[in-house]
Amino acid sequence: MDLTHTADEDAFRAEARAWLRAHVPHPPPPSLETAEGFAAHRAWEAELHSGRWSVVAWPEQYGGRGADVFHWLVFEEEYYAAGAPGRVSQNGIGLLAPTLFDHGTQEQRARILPPMASGEVVWAQAWSEPEAGSDLASLRSRGVRTAGGWLLSGQKTWSSRAAFADRAFGLFRTAPDEDRPHRGLTYLMFDLKAPGVTVRPIRRLDGKPAFAELFLDEVFVPDEDVIGEPGQGWRIAMSTTGNERGLMLRSPGRYLAAARRLVGLWRATADPSDTALRDRVADAVIGARAYQLFTCAGASRVAAGSAIGAESSLNKVFWSEYDIALHETALDLLGAEGEPADGRDGWSEGYVFSLAGPIYAGTNEIQRDIIAERLLGLPKGRR
Amino acid sequence: MDLTHTADEDAFRAEARAWLRAHVPHPPPPSLETAEGFAAHRAWEAELHSGRWSVVAWPEQYGGRGADVFHWLVFEEEYYAAGAPGRVSQNGIGLLAPTLFDHGTQEQRARILPPMASGEVVWAQAWSEPEAGSDLASLRSRGVRTAGGWLLSGQKTWSSRAAFADRAFGLFRTAPDEDRPHRGLTYLMFDLKAPGVTVRPIRRLDGKPAFAELFLDEVFVPDEDVIGEPGQGWRIAMSTTGNERGLMLRSPGRYLAAARRLVGLWRATADPSDTALRDRVADAVIGARAYQLFTCAGASRVAAGSAIGAESSLNKVFWSEYDIALHETALDLLGAEGEPADGRDGWSEGYVFSLAGPIYAGTNEIQRDIIAERLLGLPKGRR
Amino acid sequence: MRFLPTDEQRAFTRSLHTMLRAARPPAAARAWAAGDPAPGRAAWTGLAEAGVFALAVPENHGGLGPLPAELALAFVELGRHAVPGPVVETVAVAALLTALGDPAPAERLLPGIAAGEVMATLRLPGTGPYALDADAATSVLVVDAAPAVPGPGSPGDGGSGSGSGSGSGSDVKGHADASEGAHGGDHARDRNGTGTGTGKGTGDASRPGPKAARPPTLRIAPGHGPVRASADPVRRLSVPQGGGEVLAAGPGVAAAAATAVDWARLATAAQALGTGLALLDRTVEHVGRRAQFGVPIGSFQAVKHRLADTLIALEFARPLVLGAAVSMTRTDIAAAKVAAGEAAYGAARAALQLHGAIGYTEELDLALWLRKARPLRDAWGTPAQCRAAVLRP
Amino acid sequence: MRFLPTDEQRAFTRSLHTMLRAARPPAAARAWAAGDPAPGRAAWTGLAEAGVFALAVPENHGGLGPLPAELALAFVELGRHAVPGPVVETVAVAALLTALGDPAPAERLLPGIAAGEVMATLRLPGTGPYALDADAATSVLVVDAAPAVPGPGSPGDGGSGSGSGSGSGSDVKGHADASEGAHGGDHARDRNGTGTGTGKGTGDASRPGPKAARPPTLRIAPGHGPVRASADPVRRLSVPQGGGEVLAAGPGVAAAAATAVDWARLATAAQALGTGLALLDRTVEHVGRRAQFGVPIGSFQAVKHRLADTLIALEFARPLVLGAAVSMTRTDIAAAKVAAGEAAYGAARAALQLHGAIGYTEELDLALWLRKARPLRDAWGTPAQCRAAVLRP
């Protein structure tokens with residue numbers, strides 16, 4: 001049971017730190033949920049890519065460094081500690097790429113991954129539909145067979161960053177008569193600028209178009225943009241939610257850096273004898289450390305060959321609630337300066353962002369059901 | 001909308017205060033969950049009765065003062081402010097007596113109420129059974145018709161104070177073949193010393209025998225000890241849970257006095273700049289005032305002719321959670337002196353007592369279901 | 001004792017409710033956020049005609065009041081309908097001028113407030129650099145530098161609210177504690193009570209001692225700085241300019257400011273309560289309609305229990321708000337502010353979670369209440385400040 | 001990095017688990033509470049034979065250690081099995097004597113601890129007047145008056161733990177802060193960190209200044225006062241008597257005491273974690289079996305979610321405890337103590353609620369874990385004290 005880093009990890013850390021110190025933009029670019037900020041973040045992806053830091057966990061042939069999970073954790077710590085910008089390519093790198101590694105063809109990987117790594121093509125996800133929130137099995141958007149491909153029609157929603165992104169991926173019903181709703185779904189990729197696609201940005205609570213509705217009207221998708229077998233989309237989508245991505249959805253480095261910033265804010269603004277605030281700041285420090293060590297243990301299990309299954313639900317509930325509490329504490333520390341929407345050091349925008357945590361990627365209610373039934377073995381109920 | 005007291009209420013308050021100041025025992029008697037303490041508390045009931053303070057809300061003919069709900073609230077404030085002992089006759093006065101007023105005969109009232117008022121006969125409740133906790137409809141203890149009465153058999157449990165009490169009341173299944181489980185129950189009173197009754201005390205977490213199991217083996221109950229019609233027990237029991245007793249189960253005076261004691265403890269022991277503790281003490285003060293004013297509003301509605309129905313579930317959840325938080329704060333204020341079981345000023349025993357609040361008189365889970373379904377109108381689920 | 005609204009009070013709130021529903025405040029609020037105060041002003045006139053502002057103005061200055069109980073009931077409705085504008089601040093100005101007892105400034109503004117012609121806003125030392133909706137208000141009042149009376153056990157630490165004399169508002173730290181300072185409280189405890197992070201660095205060295213304290217002044221600011229949107233964009237924040245006409249000075253201003261804080265807290269608490277009730281109503285409706293896994297999500301026990309807890313918090317805040325309006329004691333008002341502010345914020349968190357993604361959008365009107373809950377929780381006294389006030393002897 | 005127990009470590013905890021299950025600690029705990037330590041002593045011997053106490057003792061004094069990671073894993077098992085006795089305190093004494101570096105007292109007690117012949121208990125200034133299980137212990141150690149090193153930003157306030165020199169323990173207030181004081185922390189912050197209510201009235205006037213501070217002493221108490229039952233009657237509290245043989249004196253005692261607090265916190269955190277895990281296991285089993293309304297109550301979503309939250313808290317406390325055992329930094333240990341203590345207490349609250357009335361009885365063995373959670377949360381550092389330690393620079 002140890003927490004030491006290898007010499008190689010230490011060297012990797014030093015290299016990442018030096019590069020980031022030299023390249024991280026100051027002041028940070030505008031919010032990535034704006035047109036200007038999106039462009040700036042895309043440029044930052046290109047810069048990261050030029051230093052081969054954009055996709056450290058990928059094989060070298062696609063622009064990565066073949067980093068294992070421990071190297072990845074080191075990189076993430078350095079990345080957030082350096083105050084580097086949020087990752088506009090996160091959906092592609094975190095969701096689509098692992099699917100392509102597991103289920104894509106050589107041709108797809110060679111065609112799709114390099115421009116994803118450089119930020120040239122930014123991907124949006126297209127999972128949810130208006131009547132299918134937590135209940136993905138009831139998806140209705142459909143793909144109809146046509147010569148050399150599929151024609152997609154229907155409506156997707158809550159497509160993060162689709163307001164500005166280039167392409168999207170998601171599940172479409174291609175065999176509507178299957179008796180079980182999980183069957184007959186196909187995993188497809190499509191161009192957001194293709195004929196038949198209408199993107200309607202949706203403004204989140206702070207007015208920023210952080211996601212969009214997608215209206216699809218006979219959008220042609222060639223066969224080469226189907227991932228895996230048609231009709232196997234559900235299985236393919238699920239197979240890449242239960243692996244180590246449960247650990248990698250939010251990296252510990254993010255919260256370690258946030259907690260450090262919070263302590264700085266507290267030392268700068270608060271009366272240290274105000275124990276009510278002090279206890280909440282301490283809890284942020286404790287929570288970040290707990291999340292880091294929990295992830296280290298999970299990564300060690302992955303490295304030892306275990307799979308991460310329903311345990312990722314523990315992770316999801318923890319970080320999403322942690323993130324809100326941390327930002328609430330920051331706003332309370334800021335007092336009257338916590339009210340403006342463009343409040344100090346991004347705390348206000350971070351708070352709005354944090355509020356989505358318990359809702360997306362499977363609501364925390366669903367996650368708790370999963371924890372109770374799959375980890376604790378409690379009997380299924382009707383909820 | 002006013003909060004003023006009438007001249008009569010003020011005079012009543014002054015009279016109660018003066019009497020209590022002269023009579024409340026100091027130091028307080030031992031815990032009423034011990035044999036010695038039970039006897040001392042019974043003696044205190046007799047003393048209260050001698051001053052006509054034991055049952056102020058009852059008609060004068062039974063030893064009361066015919067006090068309305070506002071006078072009752074005044075009395076309770078003075079009672080707890082004076083640091084007077086807990087009420088060993090509470091189950092009889094609060095649960096059985098209202099049932100007798102609504103559903104009993106003249107003869108029953110004349111026979112049963114005066115010795116209840118004087119503490120000569122202390123009553124225990126006998127509702128729960130081992131397999132029927134929150135689900136009273138599944139009661140199994142039965143009454144079989146016999147000449148001039150009924151023979152009770154079966155097992156009751158969680159009978160508060162039955163270790164030392166004289167008599168008990170509860171529901172028994174007298175018509176087992178009814179197709180709906182709520183039917184066929186009869187409301188009966190019986191003697192805890194009668195032949196066929198075995199009382200097995202149950203020790204609560206702090207070791208005190210605060211309740212008991214009752215084993216009944218053909219215990220004879222004469223017809224005169226049936227309340228209402230046989231087979232109507234469920235309806236009778238329910239009819240007196242939805243009235244103002246929802247307000248009167250725990251009086252605001254109790255928490256106002258407890259919050260005042262907590263503030264005293266805080267001023268005596270805590271660093272006032274320790275805001276974490278200060279905030280919790282303030283919340284105790286705020287909660288006691290909220291509960292007082294909530295009760296005043298409810299009492300005003302009762303006085304104006306409204307019934308208190310499912311609203312009493314709001315009340316139950318509030319006071320039970322409040323009571324635990326208040327005692328947790330006290331123990332944290334006491335620090336190392338909060339650990340001993342016989343800790344200072346009864347806070348430790350009060351904490352153990354408070355822990356039962358969310359469990360009994362309908363668990364808080366059941367209460368929240370009631371609130372959601374009856375007050376908010378949410379659809380019934382399978383829970 | 002009859003701790004229930006009277007028939008007249010109920011008729012008043014019903015008529016307000018009807019009037020406000022017809023006025024469609026959500027549209028007015030959206031226009032207000034976009035910098036177009038015209039629809040909001042029209043609603044304001046309607047409120048004045050219904051007598052809402054007159055409740056805060058004494059009869060001898062053209063009002064109907066002071067009638068805090070009716071005012072609290074009215075503000076529950078304002079919260080329920082998400083009415084935009086400096087409604088709380090206008091009431092606070094009325095209370096301040098009334099408490100000041102100086103006929104000239106009172107007669108200058110109070111009749112206009114009662115009539116709905118004056119839309120006032122107010123900044124006191126200790127509540128941050130901003131005044132709410134100064135761009136739309138007709139009168140921007142500022143109290144500068146109200147020195148605290150040292151409380152018992154607060155040796156040699158009587159100064160408070162320093163650095164606000166310039167009115168520039170750039171020195172946020174100077175405003176740490178004066179809303180409590182205006183209450184004559186103990187400075188050291190106030191700072192611990194703020195929870196606003198503005199305590200440290202207030203400048204112990206530069207803070208004037210008790211003897212150096214200038215008398216507090218009340219002035220009309222000649223204008224305001226650029227508007228910053230609050231997290232609730234319907235709340236438009238700006239820093240009042242320095243200078244302008246001084247209406248009053250002296251210790252009476254501090255006492256009047258303390259009274260203004262009381263009224264502002266009461267009105268904010270009522271507005272927060274109404275906000276929370278509206279959030280709960282809309283969420284109950286949503287979860288009864290929205291289906292997942294084949295059933296309405298409102299039939300899931302986790303949803304039920306969260307909404308039950310929301311109702312409990314609101315239904316125990318309600319009597320605190322109304323009780324504070326009846327007693328008008330400082331501790332009751334502070335208690336009501338804590339409970340209503342926290343209950344409304346809890347309702348907002350529950351409403352957002354149970355609406356899911358749709359609740360996270362600006363497009364749904366729900367956002368108008370959602371975004372208001374947190375600012376109202378903190379306005380005119382954070383929970384920490386108000387908890388400190390509850391325990392102040 | 002391989003932040004997982006090794007195969008050897010897993011085999012060790014498995015064998016401990018098997019041994020403890022066979023020893024039926026619930027019966028030993030009930031006897032212990034009733035004043036009969038014999039079955040507990042037998043279990044103690046078993047633990048010593050398994051090498052548990054030797055983990056805290058260096059090899060040159062007959063031990064296997066110090067091996068804090070193995071010790072933490074062992075204490076999770078001790079918590080899981082509700083083992084009675086001063087297990088934490090014995091480890092703390094071993095850490096203290098090891099850190100002291102003085103061969104004579106070390107050789108006198110450490111080999112006996114490793115062998116299971118010495119059952120030690122300990123009182124440090126700042127953790128209340130009581131020593132745990134002094135009636136059953138073979139050695140009752142007391143540190144008196146460890147003066148704190150003034151921390152940065154703590155001008156002229158270096159005294160701490162005054163009034164404990166008599167060892168009478170009647171002056172509770174004198175013990176306010178020394179567990180932190182032993183950590184060399186800032187006295188003023190410590191007091192705010194205690195949350196124990198013993199701060200006020202510590203006697204600012206009578207507290208010796210840094211120059212007047214007597215050197216701290218370590219002594220063997222000649223006996224103890226009457227036993228008081230804790231809220232967990234398996235924890236038997238008494239006040240060590242004054243006087244007795246002095247084993248060591250001087251500033252080294254303060255530093256060693258701070259190390260002892262670290263080890264005590266780590267062991268207590270691990271024990272609390274095990275306690276919480278046992279509470280969760282038993283509750284999961286109960287709700288899967290107990291039916292209401294025709295179904296197991298474990299199928300109700302409210303029950304599921306409460307247990308899910310309990311699991312989350314425990315599963316995030318676990319890596320903190322093990323990580324602290326690996327790093328042995330003071331902040332990691334304090335963080336682990338907060339998280340494990342709160343998680344275990346939360347597990348106790350959930351276990352009680354979901355067991356219903358049966359959980360509220362002494363008769364069910366559940367009570368052995370239920371009643372231990374809260375004392376363990378506070379022992380050797382309350383959550384407030386440990387949160388303060390987490391932020392100490």
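In what follows, chains are A, B, ... by sequence order, proteins preceding strands, each numbered from 1. Every heavy atom of this structure was used, including side-chain atoms; hydrogens, water molecules and symmetry mates were not.
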Looking at side-chain heavy atoms only, is the closest gap between [X] and [Y] below 4.5 Å?
| X | Y | answer |
| --- | --- | --- |
| A:Cys296 | D:Met1 | yes |
| D:Leu311 | A:Leu375 | yes |
| A:Arg280 | D:Arg387 | no |
| D:Leu391 | A:Trp266 | yes |

Roughly how far, to the nearest 0.5 Å, is the [atom2] atom of [Y] from the [atom1] atom of [X]?
| X | Y | atom1 | atom2 | answer |
| --- | --- | --- | --- | --- |
| D:Ser327 | A:Arg289 | OG | CZ | 5.5 Å |
| A:Arg368 | D:Ile312 | CZ | CD1 | 5.5 Å |
| A:Phe294 | D:Arg318 | CZ | CZ | 9.5 Å |

To check you understand the geometry: which heavy-atom pair defines the closest contact between D:Ala388 and A:Arg278, and what is its length?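 Looking at all heavy atoms of both residues, the closest pair is CB-NH1, 3.3 Å.
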Looking at D:Val326 and A:Asp2, what are the two nearest heavy atoms and their distance?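 Scanning both residues completely, I find the closest heavy atoms to be CG1-CA, 4.3 Å.
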Sort A:Ala303 into side chain, backbone, both or neither according to what part of it lies under 4.5 angstrom from a heavy atom of chain D.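 Answer is neither: A:Ala303 stays 4.5 Å or more from chain D.
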Where on D:Asp281 is there a heavy atom nearer than 4.5 Å to chain A: the side chain, the backbone, both, or neither?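 It is neither, since no heavy atom gets under 4.5 Å.
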At a heavy-atom distance under 4.5 Å, which candidate from D:Leu320, D:Val390, D:Leu280, D:Val287 has the highest pair count against chain A?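 That would be D:Leu320.
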Using a cut-off of under 4.5 Å for heavy-atom pairs, which of D:Pro319, D:Ala313, D:Ala335, D:Ala336 has the most such pairs with chain A?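 Heavy-atom pair counts peak at D:Pro319.
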Is the shortest side-chain N to carboxylate O distance from D:Lys304 to A:Asp369 below 4.0 Å?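 Judged by the 4.0 Å cut-off on N to carboxylate O distance, D:Lys304 and A:Asp369 do not form a salt bridge.
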At under 4.5 Å between heavy atoms, what parts of residues 338-347 of chain D are in contact with chain A? List them by residue number.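 Heavy-atom contacts from residues 338-347 of chain D to chain A are D:Val338, D:Ala339.
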If contact means a heavy atom pair closer than 4.5 Å, which residues of residues 3-14 of chain D contact chain A?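 Those residues of residues 3-14 of chain D which have a heavy atom under 4.5 Å from chain A are D:Phe3, D:Leu4, D:Pro5, D:Thr6, D:Gln9.
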Quick one: do D:Leu73 and A:Met1 satisfy side chain to side chain contact (heavy atoms under 4.5 Å, CB included)? Show the steps, please. CA-CA 11 Å; D:Leu73 290 166; A:Met1 199 160 64; 4.3 Å; yes
